[in-house]
Amino acid sequence: MTSPTTALPSITRDEFGEFFAALNPAPEEERNTAPEEERKNYPFSWQEEVLDHICEHGVWPERINAPTGSGKSSVVDIHLFANALAAVGAAPRVPRRLCVTVGRRALVDSQATRADKILGDLKDALADESGEPGILRRVAEALQSFQTRNDDKRSIPFEIGRIRGELSNRNLPVTDISACAIIAATPDMYGSRALFRGYGSTKAARPRETALLAMDTVMVLDEAHMNRQLLHTTQRIAELQKREADLGIPTLQVVETTATPSTEDSESTTMGVDIEALDKPNDEKLRDRVYSHKELVLRSIDKWDGKPGNAATVNAAVDAIKEFLAHREASKGSEEAHTVGCIVNHVRTAIAIKEALVKNKVLEKEEEVQLLVGRMRPSDLEKLQNKHRELFTTEGDKSVKVVVATQTLEVGIDVDFADLVTELAPASSLAQRFGRVNRLGHRTDSKVVVIEPASGDLVKKDAPPYKAVDLSNAYGWLEALNGAENPSVNPAAMVKNPPVQSSPERLLYQRPEWPDLLEFSRTDENPYDEPDLDLWLHDSLDAETAMGGVIVRDNLPSNTSAAMEILKTSYFAPSDEETFPANLKILQEILDYQDEHGVKPRKFLYRQGEISLWQDADHGEESRQSLAPGDVLLLDTGSVPFTNQGIAVTQRELPSKKDELEAVPFPKGIKLYVYEKCADREKDFGEYLGLSPEEVAELLDTQSTDGKKKMIVSELTTEAEDGQEVIAWYADVTDDEESVEGSDIAQELVLAGPVLLDDHQNDVAERTRQLAENLGLAPEFSEALELAAKYHDEGKRDLRFQQMLGADAETEALAKSGRRSVAEAYRARSRSALPRGWRHEQLSALMVAASPEKVGAHRDLVLRIIGCSHGHGRFSFAHDAGFLLKEGYLPEGTDYEALKEQATRLFNVGYWDNLMEQTSRTYGPYATAYLEAVERAADAQISREGH
């Protein structure tokens, strides 16, 4: 955080144009040919107007209508600049976080990638101290002032998060709650967190993720017409938050954006593009895009049925692509990339088109055609992006002649295809696809071919994921567009003849009410059944839209206990990069798969941060487990076929020749040695033969003297070739910074020296005060937070906890042990006298409750923040007074009987549950979650800094 004596830079509203132009340089061809002033991309009028609205009212408009290509992604630029103005006092306090929510995983990646680029530009500007600071550097310095941390990442102007399903909640900046942030999310991942039930989250992480995404946040829902239920849900959450205690910070703001606005009347504050008023100089380029050349060509086929992999559709698409390639080949004197796009409705159709292009040698090289669908493993997508960095930008990649994709390219990605082939889809989807062609309006010969049935009468049945009525309406809309004198599908044509809105998936949209939110906020309990969020998140209650993931590993021992041991080790836990996105239908087929001998291969389940062995049902019995959104299955490589060209597919979509999948390598510096899989056992395991796991651990610890190399040893043994016992596996990790943040072990360990308890609590209280001041929290809540932080770890005074930390009985109490590896810390815990599941923050809340002089007017709120300081205790603790307390292990001078009486009242009789209920009702479920999150952020920051 910038110190009080450090003057913040001067920034004015009028400098937004320069800021925007610096982040959005003109395409390369313009930079090489245009006059200097014309090389800059200044914001369009509508973007300036949105910023003006925010600066005047302190809130975002509720709706932004802007056609494809008009720069809706600039909400990121606007958010950063508005926060910079707020930081220097030139604008009102606005939400610190922007969450862009879009229904395509690839588009979430695209948003995060763009945020990464902007962050790089601002960091470069900070590093350049020559001359007078330009607008990028001044904005970066202003955003830096929101930071309170004092570690080596303090120089980062803003944070970036990404939750696209699977395991991505690890990327949320929950520790940097005061920082400006850009977060990209899919609707399910955002919506489940807004309702305290984050898919893929651990129970302890749920409340702080909810606080991060539903308070001090503006959520921009891109193409809101595709997620109407989520729009209703989030708007209702924002409305109910106004009933909660006013913490002094912005509550949730919801913005719906669309390129295909409905004609329905709305009282919402609406801003956007008026195509009849593009006469200002800075709108010239936008006018080119709105009136760009996009000739419509309808290609009718007799055997259209809308089903996946339909041969007639595949053949028609291949023929159209051939024609486009031939046309572009004849005019290849241009320096521009002339990639042809093909967007279809199903993965199977996309795969079949690519296979046909390769088989028929339509292209000289196979790599000239690329496949892009949402079910790609992030590591594979990263490889594609690294190889073809310009492919998914408006500049394009001349080495790629064809991109075949599914709906993942409909919105958000700034591709600029020379021509497009698409099959019939609902009108609003087609309008999005048309926006991927001649995006900047530079070409004068771009065409769009739509493959459709020979007659509208052929559209009689639903063709999932689309309804027959929507396809039929789209057919009629296309016929109307084609009847124009010059058939076009540019944005101007879309405004004059708007696409028919898709029919509602539901007759009635649900909205959460106050009792629903109170129930959802009971995040640490084990209900008989987790609530089904479909009612509040999904437009369709029938479609199988819930997502999970699949991971393959090639180095897991056949001994399941040893394999579980590896998977539960933090370094080898499931990661985003190796996860194939897959819907629950695909996951269920994997579970049902049997090999040629009728055996079901083993599967591991990753759910809410925990690893377990999947228990298949006995023959004739119902399964003892069921899949849930966010579940991830872990498989041995090659055990279950589930991919086609590296994409997770159903069993019907599998190729005739099985994909050869490779596991994603572990990050650099992490090596795993498994005896069963080891090629050179003498070299890697020879000196450990006959040694117990404890002896091997001690030996490896003595060999690791530089403090950077950390050894992890299995507690299990296996039989070696000579009959001796040997450890099942071990790992070495070369890592300058071993992160254990977010895990329970982080409460016991820092990698520097030991930390005294009083020092730690005082530091956390001071950081909490700084955070509260930085955020602008109301004084009464700042005081409650600081008090909670000052006593949040009192329970660590239990002598059993101190013994686990290795504290000397003659010295002051420790907060963290220090100078231990993670493995040593875990071993110390397992050998301690503390019972499994014991929570130090439960004892902290008890000790403070027994000392009422320590807390002020908001006593119950302070106790709640203390007890929930690690996400547990919401709304009850699992253990009673007898489990929590043990006579003889309390600090000297403690009245054991009095404390036991207080503990019985709190945790046996039920006062703690009542306290949680009352504070939630008094202050609100989101306000209390936010206050908890602020204290947790301060604690995590101090721990991360080694204090």
Least distance between heavy atoms, [X] atom then [Y] atom:
{"X": "Pro157", "Y": "Leu143", "value": "O-CB, 3.4 Å"}
{"X": "Asn490", "Y": "Ser292", "value": "ND2-O, 2.9 Å"}
{"X": "Val340", "Y": "Phe417", "value": "C-CD2, 4.1 Å"}
{"X": "Ser70", "Y": "Phe44", "value": "O-CD1, 3.4 Å"}
{"X": "Val88", "Y": "Pro9", "value": "CG1-O, 3.2 Å"}

With heavy-atom distances below 4.5 Å as the criterion, would you say the side chains of [X] and [Y] are in contact?
{"X": "Thr101", "Y": "Ile183", "result": "no"}
{"X": "Leu252", "Y": "Val218", "result": "no"}
{"X": "His442", "Y": "Asp288", "result": "no"}
{"X": "Tyr475", "Y": "Glu452", "result": "yes"}
{"X": "Cys342", "Y": "Ile321", "result": "yes"}
{"X": "Val403", "Y": "Val415", "result": "no"}

Please tell me whether Tyr42 and Glu48 have a donor and an acceptor in their side chains that are separated by less than 3.5 angstrom.
no
Greater than 12 external heavy atoms within 6.0 Å of [X]'s [atom1]:
{"X": "Lys354", "atom1": "NZ", "value": "yes"}
{"X": "Glu367", "atom1": "CD", "value": "yes"}
{"X": "Glu49", "atom1": "CD", "value": "yes"}

Separation of [Y] [atom2] from [X] [atom1] (nearest 0.5 Å):
{"X": "His338", "Y": "Asp416", "atom1": "NE2", "atom2": "CG", "value": "10.5 Å"}
{"X": "Asn345", "Y": "Glu423", "atom1": "CG", "atom2": "CD", "value": "3.5 Å"}
{"X": "Asp470", "Y": "Ser472", "atom1": "CG", "atom2": "OG", "value": "9.5 Å"}

Any chance you could lay out the salt bridge (charged side-chain N to carboxylate O under 4.0 Å, His left out) test for Asp77 and Arg114, step after step, and finish with the verdict?
CA-CA 10 Å; Asp77 312 59; Arg114 182 167 184 270; 2.9 Å; yes
If you measure from the Lys or Arg side-chain nitrogens to the Asp or Glu carboxylate oxygens, is any gap between Asp319 and Arg299 under 4.0 Å?
no
Which residue pairs satisfy the salt bridge (Lys or Arg N to Asp or Glu O under 4.0 Å) criterion with at least one member in residues 90-102, sequence neighbours excluded?
Arg93-Asp216
Applying salt bridge (charged side-chain N to carboxylate O under 4.0 Å, His left out), run through Arg13 and Asp52 and close with a yes or a no.
CA-CA 8 Å; Arg13 160 66 187 85; Asp52 285 337; 2.6 Å; yes
Look at the aromatic rings of Trp477 and Phe434 and report parallel, tilted or perpendicular, splitting at 30° and 60°.
parallel
Kindly confirm or rule out a cation-pi arrangement of Arg328 over Phe324, judged by NZ or CZ under 6.0 Å from the six-membered ring centre and within 45° of its axis?
no
Intermediate values then yes/no, salt bridge (charged side-chain N to carboxylate O under 4.0 Å, His left out), Lys401 and Glu364:
CA-CA 10 Å; Lys401 302 294 181 63; Glu364 293 182 9; over 6 Å; no
